[in-house]
There are 2 protein chains.
Amino acid sequence: MTSPPRPTPGELEILRVLWERGPSTVREVQESLGPARAAGYTTVLKLLQIMSEKALVTRDETARAHVYAARVPETQTQRQLVRDLVDRAFGGSAAQLVVQALSGRRASPEEIEDIRRLLDEIEGGKR
Amino acid sequence: MTSPPRPTPGELEILRVLWERGPSTVREVQESLGPARAAGYTTVLKLLQIMSEKALVTRDETARAHVYAARVPETQTQRQLVRDLVDRAFGGSAAQLVVQALSGRRASPEEIEDIRRLLDEIEGGKR
DNA sequence: TCGTGTCAACGAAATACTTCGTACAATCGC
DNA sequence: GCGATTGTACGAAGTATTTCGTTGACACGA
């Protein structure tokens, strides 16, 4: 059993909708897509069919309007994408990616606190 | 003047070689590619020609073996890629990406210290 | 039952990315 | 000078991704 493939950009947009809304029909997904990613109904349908083949989503065919649900967890997918980027652009150094992510921009004080706590945990666990 | 386009995965591999080696010929790039990304000579040449059109690299045709150099800075490119991922997979929250990057292991104590200092700077700068 | 609207399936087309074969020019060693 | 080597240019082919038109099935209400 192999892990599901990495989602393409278009597929990721759809997964984001499914993660947020939960199981949804094609029409619901299509109408929930952000304006930056608007797409026709059949386009969304096609992507969901492909994602179904790739096992990125499950499909419930009970009702006439099939209901799709994300099969891959959000966090797991995010980690996979981060790991890919770390390898492809940062030579494997997650810390370097973190530096770029934080030096660039927006991070509220609360978020910074969250990160500090996370660092504590990591260090603590190593001791 | 528009910013240079985002490099494709193959282009990124080549940029990484140019960032590390400095200006290089096609053959030098080709031989410096990691085993995971080995490619024939003409493949690398073609990529470099395309990258030249896209203004991702400059080309010095003085010598018979043209010399290519990265035109985009490594840090700037890394930030662009991080920003893309933050938007596409983390709903714009850089902090969430950081959390996933760090909880996915591998980060040495020194790196963690670096990140702490960075957090200090960010907080300090806001004051 | 018939017309209208909704839906899934299918396939074609457009674009992007990667890879490499072939052709031809410049250069080197003898 | 001449063959072998090394280089660039060009284009074609293969794959991946995205988009959407068309078709036929289905369901609901008049």
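Within every chain, numbering begins at 1; the chains are lettered A, B, ... in the order of the sequence lines, protein sequences first and strands thereafter.
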Inset, instruction - Could you pull out all residues at least two apart from B:Glu31 that satisfy side-chain contact (heavy atoms from CB on, under 4.5 Å)? - result: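 Result, side-chain contact (heavy atoms from CB on, under 4.5 Å) vs B:Glu31: B:Arg27.
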Legend entry - Range on DNA chain D touched by chain A - first to last nucleotide, heavy-atom distance under 4.0 Å: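 Listed 5' to 3', the contact boundaries are D:dT17 to D:dA27.
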Taking distance alone, no hydrogens or angles, what donor-acceptor pairs closer than 3.5 Å link side-chain atoms of residues 63-70 of chain B to residues at least two apart or in another chain?
residue	atom	partner	partner atom	Å
B:Tyr68	OH	B:Arg59	NH1	3.4

Inset, instruction - Would you classify A:Gln49 as touching base, sugar-phosphate or nothing, given that sugar-phosphate means primed atoms plus P, OP1 and OP2, and contacts are heavy atoms under 4.0 Å? - result: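 Here A:Gln49 touches the bases of the nucleic acid.
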Inset, instruction - On DNA chain D, check which nucleotide each of A:Arg6 and A:Val44 is closest to and give me the residue with the more 5' one. - result: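 Result of the comparison: A:Arg6.
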Legend entry - Single-linkage hydrophobic cluster, 4.5 Å side-chain cutoff, A:Val17 and A:Tyr41 together: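 Same hydrophobic cluster.
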Inset, instruction - Take A:Val82 and B:Phe90, measure what side chain to side chain contact (heavy atoms under 4.5 Å, CB included) needs, and give me the verdict at the end. - result: CA-CA 10 Å; A:Val82 168; B:Phe90 293 89; 3.7 Å; yes
Inset, instruction - Encode nucleotides 24-30 of chain C as B, S and - characters from 5' to 3', where the letter depends on protein heavy atoms closer than 4.0 Å: B to the base, S only to sugar-phosphate, - to neither. - result: -BBS---
Identify, with sequence neighbours excluded, every residue that meets side-chain hydrogen bond (donor to acceptor under 3.5 Å, both in side chains) alongside [X].
| X | result |
| --- | --- |
| B:Thr77 | none |
| A:Arg117 | A:Asp114 |
| B:Glu53 | none |

Legend entry - Which residues share a salt bridge (Lys or Arg N to Asp or Glu O under 4.0 Å) with A:Arg88, sequence neighbours left out: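 Once residues adjacent in sequence are excluded, A:Arg88 has no partner under the salt bridge (Lys or Arg N to Asp or Glu O under 4.0 Å) criterion.
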Inset, instruction - Could I get the full list of salt bridge (Lys or Arg N to Asp or Glu O under 4.0 Å) partners for A:Arg116, not counting sequence neighbours? - result: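 Only A:Glu113, B:Asp120, B:Glu123 meet the salt bridge (Lys or Arg N to Asp or Glu O under 4.0 Å) criterion with A:Arg116.
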Atom [atom1] of [X] and atom [atom2] of [N]: how far apart are they, to the nearest Å?
| X | N | atom1 | atom2 | value |
| --- | --- | --- | --- | --- |
| B:Lys54 | C:dT18 | NZ | C1' | 11 Å |
| B:Leu47 | C:dT18 | CG | C1' | 7 Å |
| B:Leu12 | C:dC17 | CG | C1' | 14 Å |

Inset, instruction - Begin from the C-alpha positions of A:Leu56 and A:Arg71 and carry the test side chain to side chain contact (heavy atoms under 4.5 Å, CB included) through to its verdict. - result: CA-CA 5 Å; A:Leu56 288 172; A:Arg71 193 171 188 174; 5.9 Å; no
Legend entry - Flag side-chain contact, heavy atom, 4.5 Å: B:Val57 against B:Met51: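 Contact flag for B:Val57/B:Met51 side chains = yes.
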Legend entry - Side-chain heavy atoms of A:Leu47 within contact of A:Val29, under 4.5 Å: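 Side-chain contact under 4.5 Å: no.
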Inset, instruction - Please list residues of residues 13-43 of chain B whose heavy atoms come under 4.0 Å from any atom in DNA chain D, ordered by number; otherwise none. - result: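 The answer is B:Val26, B:Arg27, B:Tyr41, B:Thr42.
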Return a table of donor-acceptor pairs under 3.5 angstrom between the side chains of residues 6-14 of chain B and protein atoms on other chains or two or more places apart.
residue	atom	partner	partner atom	Å
B:Arg6	NE	B:Asp84	OD2	2.5
B:Thr8	OG1	B:Glu11	N	3.3
B:Glu11	OE1	B:Thr8	N	2.9
B:Glu11	OE1	B:Lys54	NZ	3.4
B:Glu11	OE2	B:Lys54	NZ	2.8

Legend entry - Check: C:dG21 base within 3.5 Å donor-acceptor of B:Lys46 side chain: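 Between C:dG21 and B:Lys46, which were checked side chain against base, a qualifying N/O pair under 3.5 Å is absent.
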Under-3.5 Å N/O pairs linking protein and nucleotides 14-16 of chain C:
none

